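Some notes on the structure that comes next.
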Amino acid sequence: MKISFAKPADVDKGALVVGVLEGRTLTPPAARLDERLGGALVRAMGASRFAGKKDQSLTLLAPPGVKLDRVLAVGLGKAADLDALRLQAVGGQIAAALATKGHTAVSVAVDAIDGAPLPPADMAAHLAFGARLRSYRFDKYRTALKEEDKPSLRTLAILTDGAAKARTAFAVLDKVVDGVTLTRNLVSEPANVIYPEALAKEARTLAKLGVQVEVLGEARMRKLGMNALLGVGQGSDHESQLVVMQWTGAPKGEPKGKGKAKGGKGADGPIAFVGKGVTFDTGGISIKPSAGMEDMKWDMGGAGVVIGLMKALAGRKARVNAVGVVGLVENMPSGKAQRPGDIVTSASGQTIEVLNTDAEGRLVLADALWYCRDRFKPRLMIDLATLTGAIIIALGNERAGLFSNDDELADRIAAAGDAVGELVWRLPLGEAYDKQIKSDAADMKNIGNRGAGSITAAQFLQRFVDKTPWAHLDIAGVTWSKSDKDTVPKGGTGFGVRLLDRLVADHYEVR
Ligand code: BES
Ligand code: MN
Ligand code: ZN
């Protein structure tokens with residue numbers, strides 16, 4: 001779908017979208033259209049329950065007196081509530097309503113609205129952002145899709161005052177969607193297509209955007225002592241990989257960014273993102289039940305977000321130095337697979353008793369986090385992982401779990417999430433939880449007791465970050481959606497890309 005911005009004009013072909021505020025108050029474009037239609041829009045409202053409330057819409061097909069095929073009136077709700085998120089939602093609703101209706105061209109009229117917090121150019125940009133986010137589809141393996149089910153929409157023209165400004169604002173958001181789209185694609189691909197080497201190859205494609213990409217294979221990782229990560233992958237026929245992506249976007253000579261770094265040696269370092277990339281999680285010898293196991297193709301969701309985020313940051317040339325590290329393994333049972341009770345020595349030197357081979361994500365992250373900290377001395381580290389089923393019990397599919405050793409970082413992440421509509425909820429860490437992973441045989445074991453499973457997993461990770469300001473996002477509940485949302489079609493969500501892009505923009509870019 002091609003998105004364009006142009007100055008307001010009367011449209012007389014394709015489909016036209018206008019907004020109506022709560023209380024059936026026509027926006028200026030809706031009023032102009034109603035006039036052209038001889039009052040048909042107002043009459044249609046009177047004949048229906050459409051009242052301009054948010055999430056409502058009203059369709060007029062082939063309205064009289066004009067050559068338009070369709071008029072879609074969308075409910076905007078209250079003018080004062082028309083913030084960026086609301087406009088993204090409206091854009092998503094428009095895309096969903098019109099994507100497969102046979103129209104190739106859709107125009108949306110966006111004028112200034114009295115009492116609305118945003119100028120028309122920003123409203124237009126966010127509406128376009130939402131429309132593009134919602135238009136995502138993963139159809140590549142659907143060879144028998146019926147003609148009437150295929151998307152017809154080719155061009156979305158947004159007619160607005162300040163079109164040039166809207167175009168500039170959207171150019172940045174467009175790059176964020178590119179990142180989200182990559183993440184969704186990676187998460188949607190099945191595990192016979194996306195295995196560790198294949199995912200590393202996808203990460204390599206970021207080189208053309210100026211990201212420096214390195215791939216470490218098993219031999220290199222063995223030399224680095226990454227036996228926690230390697231143990232998870234040892235049952236697979238696919239070679240494990242560690243991918244390091246570096247985006248150096250901060251102007252030289254002023255690498256600190258505007259956010260205040262905590263003192264110490266990491267103050268000038270990059271900000272780092274670390275992802276769990278289990279391309280398929282059978283559970284290993286502690287094998288999972290077969291029902292629903294197919295979901296474990298998206299157990300590389302954390303890595304997918306890190307790769308998509310690096311694409312967004314590089315795409316919009318973010319003025320920041322950022323590092324992405326993803327640990328890629330396939331967790332399989334086989335004659336070579338790790339056994340429950342095995343003890344491995346991680347790259348940090350700490351030993352781990354692997355009591356359950358299905359608690360594998362933390363083993364991968366242990367070595368990835370340690371490596372990242374040790375090599376880059378980052379000013380902060382954020383990891384993302386589809387780490388525990390327990391986080392779904394706690395928070396459902398509404399929020400990601402947030403854990404951190406740094407209150408300022410946690411607050412910033414929560415605020416960025418609120419701003420983009422990717423919500424998180426902070427859970428506690430503490431010594432009492434840490435005790436649960438004490439082992440009789442090694443420095444720690446990889447599972448706790450029955451309770452607080454997401455917290456003991458986070459405690460485990462914390463043992464590999466040393467003093468680095470760190471946050472962990474458990475995204476097991478938000479990486480895949482079983483239902484359509486305004487800006488997120490069902491399937492891979494890309495949750496985390498928008499949030500972390502916003503976090504970077506708000507706090508860590510050099511102005
Ligand atoms: N990848 C799973 C967690 C998961 C579950 C993600 C459901 C998405 C949906 C993880 O590797 C896992 O198996 N965790 C175990 C840990 C347990 C063995 C301590 C779990 O949550 O059951
Ligand atoms: Mn597992
Ligand atoms: Zn897993």
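Order of listing sets the numbers, starting from 1, for every ligand and every atom in it. Remember, predicted model here, so these are calculated numbers, not experimental data.
Within a 6.0 Å radius of CG in D237, no more than 12 heavy atoms belonging to other residues, nucleotides or ligands are found.
Using a 4.0 Å cut-off to heavy atoms of W298, the atoms of ligand 1 that qualify are 8 (C), 9 (C). Numbered from 1 in the order shown, with element, the atoms of ligand 1 that lie under 4.0 Å from a heavy atom of T388 read 3 (C), 21 (O). Short contacts between ligand 1 and I447, defined as distances under 4.0 Å to a heavy atom of the residue, involve ligand atoms 19 (C). For ligand 1, the atoms closer than 4.0 angstrom to any heavy atom of M296 are 1 (N), 6 (C), 7 (C), 8 (C), 9 (C). Listed by atom number, the atoms of ligand 1 under 4.0 Å from T386 heavy atoms are 1 (N), 2 (C), 3 (C), 6 (C).
At the shortest separation from atom 20 (C) of ligand 1 among protein heavy atoms lies G389 N, 3.9 Å. Here the protein heavy atom with the shortest distance to atom 1 (N) of ligand 1 is D299 OD1, 2.8 Å. For atom 2 (C) of ligand 1, the closest heavy atom belonging to the protein is D281 OD2, 3.6 Å.
Between E189 and the choices K140, K297, K201, R184, the salt bridge (charged side-chain N to carboxylate O under 4.0 Å, His left out) rule is met once, by K140.
Contacts with ligand 1 closer than 4.0 Å are made by heavy atoms of both the backbone and the side chain of D358.
A salt bridge between D501 and R316 is present, with a side-chain N of the basic residue lying under 4.0 Å from a carboxylate O of the acidic one. One finds no salt bridge joining D383 and K276 here, because no Lys/Arg side-chain nitrogen approaches an Asp/Glu carboxylate oxygen to under 4.0 Å. Comment: R134 engages D484 in a salt bridge, judged by a side-chain N to carboxylate O separation of less than 4.0 angstrom. With salt bridges taken as basic N to acidic carboxylate O contacts below 4.0 Å, none links E509 and R319.
Between E360 and ligand 1, at least one pair of N/O atoms sits closer than 3.5 Å.
Without hydrogens or angle criteria, D466 side chain to T468 main chain gives no donor-acceptor distance under 3.5 Å. Side chain of D281 to main chain of V278: no donor-acceptor pair is present (N/O by atom type, distance under 3.5 Å, no hydrogens or angles).
Aromatic ring orientation, W480 versus W298: parallel (interplanar angle below 30°, classes split at 30° and 60°).
Shown here are the protein N/O/S atoms lying under 2.8 Å from the Zn ion (ligand 3), water excluded: K276 NZ, D281 OD2, D299 OD2, E360 OE2. Listing protein N, O or S atoms at distances below 2.8 Å from the Mn ion (ligand 2), with waters left out, gives D281 OD2, D358 O, D358 OD1, E360 OE1.
The distance from the NE2 atom of H126 to the CZ atom of R86 is 14.0 Å, given to the nearest 0.5 Å.
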